Amino acid sequence: MPVRVRVAPSPTGDPHVGTAYQALVNLAFARSRGGVFVLRIEDTDRARSSRESEAAILDALRWLGLDWDEGPYRQSERLELYRSEVDRLLADGSAYRCFCTRERLDEMRRENRAQQRFPGYDRRCRDLPVAESERRAAAGEPHTIRLAMPTEGECVMRDLLRGEIRREWELIDDQVILKADGYPTYHLACVVDDHAMGISHVIRGEEWINSLPKHLRLFEALGYEPPVFCHLPLLRNNDANRSKLSKRRNPTSITWFRDAGFLPGALLNFLGLMVSSRAEGEEKFSLDQLVDGFRLEDISLGGPVFDLDKLRWLNARYLREDYDADGLADLVRDWSMGQERLAAIAALAQPRLETLGDWGRLTSFLFVDAPTVDREKLAVKGLEETQIAETFQFMLWTLEREQEFTADVVQGHFRHLSEVLGLSLRDLTRPFYVAMSGEAASLPLFQSMEILGPDLVRARIRHAIEALGGISGKRMKKLQKRFEALAG
RNA sequence: GUCCCCAUCGUCUAGCCAGGUCAGGACUCCAGCCUUUCAAGCUGGCAACACGGGUUCGAAUCCCGUUGGGGACACCA
């Protein structure tokens, strides 16, 4: 059987380094077995998916040299397929319509949780007479489609790395497979597409192990032969709790790595180190070298911590060993000194320049991955440190939602925030100058932010929050609520 | 809370499946050498089999339990 694998990112945010990790493993496996690597965009969440995010993910994968052989396929363009497969499930009773309202479901979940019961759906609609179900659907009553799970026995799964995994069927929820808006959920779309695209090995994150019974049930109900499953350990944060890699504690956006001055080969190599380690010997290797002798079975099961120090060391070796001085000069120019970027910076510096010798002092913060920020400089008279941290956090959330990252747009956000918080624009922006440049007085803030770009800006804000002592999880929750209220 | 997964230096890992070397390498850190400084390079050093039971002549390796960590429990993926 030909090897066909896929990476299936969801375009709901920045291109995540975890996506690159999944893509790398899939691609390495495909190449090592003469197989095909497919790219599929899982844009079935209409509220959160965006074309901008999709484009960013494609760019990021190309930048890394993770080229796909087929695709990108877009799930939003395959809705008829999912619908017709759902009709088959409905016809033979493997799935059923659910007319329960969101309110009822929320209520039920709250209650179950409070009583520490299994929090799943209570299956009220499962035994609705077919005639009634048909009638209500025909009358246009909103509904979802749920998969009817077995109620007894055991689901026996097989994972390439872990072997056999067993789970009681009765512990598995009647998952919604088609939403009220006619879009499939992940589970349905993924199974239908994996079959339709002839995927032989599903290599994905460990977070999906718990959904595997649902997927196996779907494969069976649809009469498909299931592929081989291989669940990869999740990349972890470098903090005390070792939670799965998140942007709160670590840079996770692939574009951040690019903008902070990492080389694609080094990042790829670093990710490769986590899935293929040579006993002794060279840790610097190319994609081709990784592919040569790549074995899925060799991946170790512990969730690896993303160690930026080691990445830096590797990156340094690439910089030293793969370029002569001329080549490096080109690299630096392409990275930060393109004519356009330089001209934008010059426009900001010009009024503040007495000699060309001032250039370096004035603009250096635009040419580094991160400035040094000390806590004292972040202070504003009349504001507590915690308040400053909160304004940073509010702006961070605002900017995370922003697709259009220009000086004007950024300025609009600052003005809005200063109004709703009742702060002067001056007091609000003051700490941001320090966060961006390390200095209280520097080039115009909004334009500087545009030049730095969203990833560097957000990373700098996060650093500033950390410099102020961070925000506890509890307070973060409260802030989030307040932010939602302010943002409307 | 319930279920699932995982467990070797601070970190990434080799060794485990086919029990038997002072548990190997790399990053970080420290020291020395080299050197006009720094970096790089070279040499050396610190540092781990989570714990408790079994099985065995012998356990990092096989089995069970405990602890710890992670993940999942959505009309998100």
Side-chain angles (χ1 to χ4, degrees), chain A residues 8-13 16 18-19 40-49 75 98-102 105-106 108-109 112-121 142-146 155 157 159 161-163 165-173 175-190 204-214 231-245 270-284 297-317 319-321:
Chain A
S10 166
T12 54
H16 199 277
T19 302
R40 185 170 77 215
I41 302 295
E42 310 230 322
D43 56 347
T44 56
D45 183 339
R46 282 213 267 184
R48 295 199 308 149
S49 297
Q75 290 187 324
C98 174
F99 298 92
C100 292
T101 61
R102 256 174 225 273
L105 294 173
D106 288 345
M108 187 191 62
R109 252 189 292 277
N112 284 341
R113 216 167 264 253
Q115 297 185 25
Q116 309 207 333
R117 278 196 309 239
F118 174 61
Y121 177 55
H143 63 274
T144 61
I145 311 284
R146 287 181 185 272
C155 174
M157 307 165 261
D159 177 89
L161 296 175
R162 279 159 259 259
I165 302 171
R166 290 163 175 275
R167 253 190 109 181
E168 299 288 330
W169 278 118
E170 66 170 337
L171 262 23
I172 296 156
D173 202 8
Q175 181 69 45
V176 169
I177 55 175
L178 199 75
K179 307 176 209 175
D181 66 1
Y183 274 59
T185 59
Y186 168 83
H187 309 280
L188 202 239
C190 165
R204 68 204 332 178
E206 198 174 12
E207 72 236 75
W208 295 110
I209 286 190
N210 288 292
S211 308
L212 189 50
K214 293 170 185 172
H231 293 88
L232 265 20
L234 265 20
L235 264 28
R236 308 285 185 90
N237 285 319
N238 190 14
D239 53 14
N241 37 307
R242 298 284 136 85
S243 48
K244 84 172 168 183
L245 194 63
F270 174 70
L271 293 172
L273 234 27
M274 294 181 173
V275 292
S276 156
S277 63
R278 345 238 120 177
E280 255 163 75
E282 191 51 284
E283 292 196 300
K284 181 177 175 229
E297 298 80 2
D298 289 344
I299 297 175
S300 60
L301 257 16
V305 169
F306 195 99
D307 182 9
L308 213 49
D309 275 338
K310 187 141 187 179
L311 207 209
R312 286 182 173 283
W313 167 79
L314 248 188
N315 202 67
R317 288 195 54 188
L319 251 18
R320 279 200 295 275
E321 297 170 12

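None of these values were measured; they are calculated from a predicted model.
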task: Could you work out which one of B:rG71, B:rU13, B:rC75 sits closest to the side chain of A:T144?
output: B:rC75
query: Base, sugar-phosphate, or nothing for A:R102, non-hydrogen atoms under 4.0 angstrom?
result: base
Under 3.5 Å, which N/O atoms of the protein pair with N/O atoms of nucleotides 4-11 of chain B?
| unit_1 | atom_1 | unit_2 | atom_2 | d |
| --- | --- | --- | --- | --- |
| B:rC5 | O2' | A:R162 | NH1 | 2.9 |
| B:rC5 | O2' | A:E206 | OE2 | 2.8 |
| B:rU11 | OP1 | A:R242 | NH1 | 3.1 |

query: How would you label the contact of A:C155 with the nucleic acid (heavy atoms, under 4.0 Å): base, sugar-phosphate, or nothing?
result: nothing
Polar atom pairs between nucleotides 44-47 of chain B and protein, under 3.5 Å, N or O only, would you list them?
none

- request: Describe the nucleic acid contact of A:T44 in one word from base, sugar-phosphate, nothing, applying a heavy-atom distance below 4.0 Å.
  value: sugar-phosphate
- request: Assign A:E283 to base, sugar-phosphate, or nothing according to its heavy-atom contacts below 4.0 angstrom with the strands shown.
  value: base
- request: Search all heavy atoms of A:T185 against all heavy atoms of A:V176 and return the closest pair with its distance.
  value: OG1-O, 2.8 Å
message: Taking the basic N atoms (NZ, or NE/NH1/NH2) and the acidic carboxylate oxygens, is any pair closer than 4.0 Å for A:K310 and A:D307?
response: no
Closest approach of A:N237 to A:K244 (non-hydrogen atoms, all atoms of both residues): ND2-O, 3.1 Å
Check ion pair A:K284-A:E321 (N to O, under 4.0 angstrom): yes
statement: A:H16 atom NE2 is separated from B:rC76 atom C1', nearest whole Å, by 15 Å
message: Measuring to OP1 and OP2 of B:rC76, would you say a side-chain N or O of A:K179 lies under 4.0 angstrom away?
response: yes
task: Take A:S10 and A:Y186 through the test side chain to side chain contact (heavy atoms under 4.5 Å, CB included) and record every step on the way to the result.
output: CA-CA 10 Å; A:S10 166; A:Y186 168 83; over 6 Å; no
message: Can you tell me the base-pairing partner of B:rC33? Count Watson-Crick or G-U wobble geometry only, both distances below 3.5 Å, and say none if there is no partner.
response: B:rG41
task: Please determine if A:D309 and A:R312 form a salt bridge, counting it only when a charged side-chain N lies under 4.0 Å from a carboxylate O.
output: no
- prompt: Under 4.0 Å: is that the gap between some side-chain N or O of A:R317 and OP1 or OP2 of B:rA39?
  reply: no
query: NA contact type, A:R146, heavy-atom cut-off 4.0 Å: base, sugar-phosphate, or nothing?
result: sugar-phosphate
